[in-house]
Amino acid sequence: MNYASVLVDVSVRQTDRAFDYAIPNRWEDAVQPGMRVIVPFGPRKVQGIVLAVKDHTSVSKVKEIGEVLDVIPVLTEELLLLGTYLSEETLCFLITAYQAMLPTAIKAVYKKFVRLHSKESIDYLPEELQAIFTHLERREWSELEELVSKITTVQRAIKEGLLEVDYEVKNKANKKVERVATLLEVFDHEANSISSPQQRDIIEFLRLNGQTSIKELKERLGITESPIKTLQKNKVINVHSIEVYRDPYVNKQINRTSPLPLVDEQKNAYEKIATSISNNEHKVHLLHGVTGSGKTEVYLQTIQNVLNLNKEAIVLVPEIALTPQIVERFKGRFGNDVAVLHSGLSIGEKYDEWRKIQRKEVKVVVGARSAIFAPFENLGLIIIDEEHETTYKQDEHPRYHARDVAIWRGNYHSCSVVLGSATPTLESYARAQKGVYELETMEKRVNQDALPTVEVVDMREELHRGNRSMFSTALHEKIEDRLQKKEQIILFLNRRGYSSFVMCRDCGFVIQCPHCEVSLTYHKNTHRLKCHYCGYEEHMPKVCPSCQSDYIRFFGTGTQKVEEAIYQQFPEARVIRMDNDTTSRKGSHEKMLKQFGNGEADILLGTQMIAKGLDFPKVTLVGVLAADSSLHLPDFRASERTFSLLTQVSGRAGRHDLPGEVVVQTYTPEHYSIELAKDQNYLDFYEQEMKIRRNFHYPPYYYLVLISISHQDLMKVVKVSEQIAIYLREHLSNKSIILGPVSSPIPKIKDKFRYQCVIKYKYEPALHAVLTKIQQFYQEETDKGQLQITIDFQPTMFM
DNA sequence: AGCACGCCGACT
DNA sequence: GTCGGCGTGCTC
């Protein structure tokens, strides 16, 4: 095995294939598929992944591998295979698929350096460069670009051989190391022969506690590094570096829990899954359980079952639901067998959690979408909680859905996949009804709690009665009641499409982003207008830019505005507001929830992020301020989202001994997704929505592909979009439906016009080939960066 | 993606 | 005659 096929870390079509390299003798047996290597690639060095090793090559001029970065492959055989599946299914480059599986920490960072060829060459350099290279013989390229008036002088010096270029490939983050001291055995009993009291303390401490970090020694004994150095010099102790994990949960006391008794429905579901597990079957179980039906306990016991068989489990939880509460439930049951992966961790912390998985030090992973790639090799179970959540679909390349990956891996390992939700996607429920998935239903709440009563308030009537505030009379009264009883309240504002835009009351002019054609959002604290798509900002104008009227005001409701209204109408209430503004700092999310849980506030006000997984015993009232704000999005899933959101939010109330109440404010109370969410009537909603989906040829009756085309020139976009639509109509079967081209719901982002085509199909074997053709046809133009064509299979967003 | 090579117009 | 602009094509 003298050669390796290497996939280089350059994500463009032309390098989307393996390149052969010779393996130097010293690494002949060390290089294995799935390892990272550094290879010379053209004039530079790049990171690559070994796809295969072989004893021959058809390439005549092979170069040698420069460096082997791993001892254990970072990608298992399974993940290497999964990558090819992903790249074929989502039409992405193979390297992009692999990158999605690896922690950011081991992503390569490239640096280019210029250094003096030899000491003498400095005399021949132009004066400007002499000054630069006198003090430092090696400079980073980017640094030089700023120091030098013209970069060509550097390039010339390189050509003349006075300067040389070299490249560095590094990781984004490294293993964290710590220096530790150990007592050398010979001196274990000779402590008395040492006169220095500090040194004797150190020896005594090490004898009692064994290997200790230098940092801890200094803290505990109140000493400096000097006596440690002396002991080291005298060969009494040994100091060396060991790898340590950055453990974000290290200082947290988590109490261990034991399995809770299961009620009938839970037991039923548990046993059905257990049967699949003991039979080593690859089955997909759809666990349809109302909020509060105890799905998590079923997960926990099922995982225990899998651990008893010495296998591993992956649990996916949506990012916003990955709260400390949830993490603690898993850590409480499985202790140090759990690794947690979510976006709140630093790059280094994520890497450490990932290493625990790779080194088989944990058996359970709880994490967001990308945790589906956890490098377990003996998988026994994959759970996807809140299966309906759209965050499981990645909205950049590779555009995969974690559910599809889960099913692929489940099939590979011949293990079960559990999809859990109170409001499953229609796709999943339809599959369960067809018998493709196994359906387990849990209709009752665990502790026999009734579902909260839901009152739907018609805001149009409120307006007719002269109530112009954002709280209906009913909600206002109930808030006062809870405040008085010292019970807690959650107010939920579905913010998207409901942000505060600025409009002129005289002429109706709405201020929009000059680059994106969306309304700008007013931010009160900075008194500025901001675009939520590209970040463009401007000052709030004093007069209308269109008619110069000074009756220009902001409209709509943001959480800030609601907060103010609360302070006005309920001055005594203590409010915690959670939205992107207040939770952007690391750990603040957690802190706020903790405060609320401790009863330090009466009202928790927030956006989507408070809808999930939270469980506060003292919350007895949940208010949904504008239920229909998500109903009018240009998206065929708007009803499903609204139903699901309302159901989730309602589930937050009265999960314990106090009865819960929900008030839903809406301008369209007659809409079926609001009416049916009131009774948490999923089945009727499913039937009703399925009819619509069938009539309009939407999923689950049809599959979808969204093709988005964007370019700065409107004419170009229109022309390309039309060409694509024509090509599709010519080359796909006439049973498929091609929509468009039409302008996207957001017609312009960052000065680029956006058009889209949608393909609806049931069976289209040539689809991937046809789409690849389209990609290749426009490749030249897309490579140059002006034209952009993205292809999204089973899209979740139509923006 | 980077980088070299190469072919044209604009200057010393 | 050379410098430097960018289009073209390759990287084991």
Side-chain angles (χ1 to χ4, degrees), chain A residues 1-25 27-28 31-33 35-69 87 92-100 102 104 107-115 126 128-129 139-145 148-172 396-398 775-790:
Chain A
M1 299 297 172
N2 309 314
Y3 300 99
S5 289
V6 175
L7 183 67
V8 290
D9 174 31
V10 181
S11 38
V12 289
R13 172 121 287 140
Q14 287 156 315
T15 55
D16 187 32
R17 62 186 178 92
F19 288 81
D20 284 356
Y21 286 88
I23 303 173
N25 288 338
W27 290 323
E28 207 181 312
V31 177
Q32 290 166 29
M35 283 182 177
R36 292 169 307 141
V37 288
I38 293 174
V39 290
F41 196 61
R44 57 207 172 112
K45 283 193 273 181
V46 296
Q47 199 179 89
I49 287 168
V50 177
L51 296 183
V53 289
K54 49 192 186 178
D55 53 16
H56 65 280
T57 178
S58 51
V59 180
S60 48
K61 34 169 191 164
V62 283
K63 291 182 182 175
E64 284 194 344
I65 286 175
E67 227 174 298
V68 181
L69 296 175
S87 73
C92 72
F93 306 126
L94 191 53
I95 191 69
T96 313
Y98 291 137
Q99 265 159 0
L102 296 171
T104 357
K107 248 186 85 179
V109 182
Y110 299 100
K111 278 186 179 166
K112 183 181 178 182
F113 290 91
V114 178
R115 61 182 159 73
E128 189 185 18
L129 293 180
R139 296 276 191 171
E140 205 182 322
W141 184 269
S142 56
E143 190 188 9
L144 276 177
E145 280 180 321
V148 170
S149 56
K150 260 190 166 180
I151 199 71
T152 48
T153 54
V154 179
Q155 286 169 328
R156 193 172 314 123
I158 293 165
K159 251 187 196 146
E160 288 164 2
L162 299 169
L163 295 178
E164 268 185 4
V165 179
D166 67 303
Y167 297 87
E168 233 178 60
V169 184
K170 278 190 153 178
N171 285 338
K172 276 207 152 157
E396 57 193 52
H397 286 121
Q775 271 189 341
Q776 283 168 357
F777 185 80
Y778 293 102
Q779 191 191 317
E780 257 182 50
E781 285 177 274
T782 49
D783 278 356
K784 280 175 200 149
Q786 293 273 11
L787 180 68
Q788 207 186 339
I789 297 176
T790 54

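All values below were derived from every heavy atom in this structure, side-chain atoms included, with hydrogens, water molecules and symmetry-related copies excluded. Naming convention: chains lettered A, B, ... in sequence-line order (proteins, then strands); numbering from 1 in each chain.
Between the C1' atom of dT8(C) and the CD atom of E781(A) lies a distance of 16 Å, rounded to the nearest Å. Remark: P of dC3(C) and CD1 of I151(A) are 17 Å apart, rounded to the nearest angstrom. R13(A) has its CZ atom 17 Å from the P atom of dC10(C), to the nearest Å.
Nucleic acid contact for F93(A): none, since no nucleic acid atom lies under 4.0 Å from a heavy atom of the residue. Backbone-only engagement by V62(A) is indicated by non-hydrogen atom pairs under 4.0 Å involving sugar-phosphate atoms exclusively. Residue R156(A) is classed as a sugar-phosphate contact, given heavy-atom separations below 4.0 Å to backbone atoms only.
Judged by the 6.0 Å and 45° rule, R115(A) forms no cation-pi pair with F113(A).
With a heavy-atom cut-off of 4.0 Å to chain A, the contacted part of DNA chain B has its first and last nucleotide at dA1(B) to dC3(B).
Between K45(A) and D166(A), no side-chain nitrogen of the basic residue sits less than 4.0 Å from a carboxylate oxygen of the acidic one, so the salt-bridge criterion is not met.
For the OP1/OP2 pair of dC12(C) and a distance below 4.0 Å, the side-chain nitrogens and oxygens of K63(A) include at least one atom meeting the criterion. Taking side-chain N and O atoms only, K61(A) has a distance below 4.0 Å to OP1 or OP2 of dT11(C).
Among the nucleotides dT11(C), dC12(C), dG4(C), the one closest to the side chain of V59(A) is dC12(C).
Shown for residues 36-58 of chain A: residues whose heavy atoms fall under 4.0 angstrom of DNA chain B, namely P43(A), R44(A).
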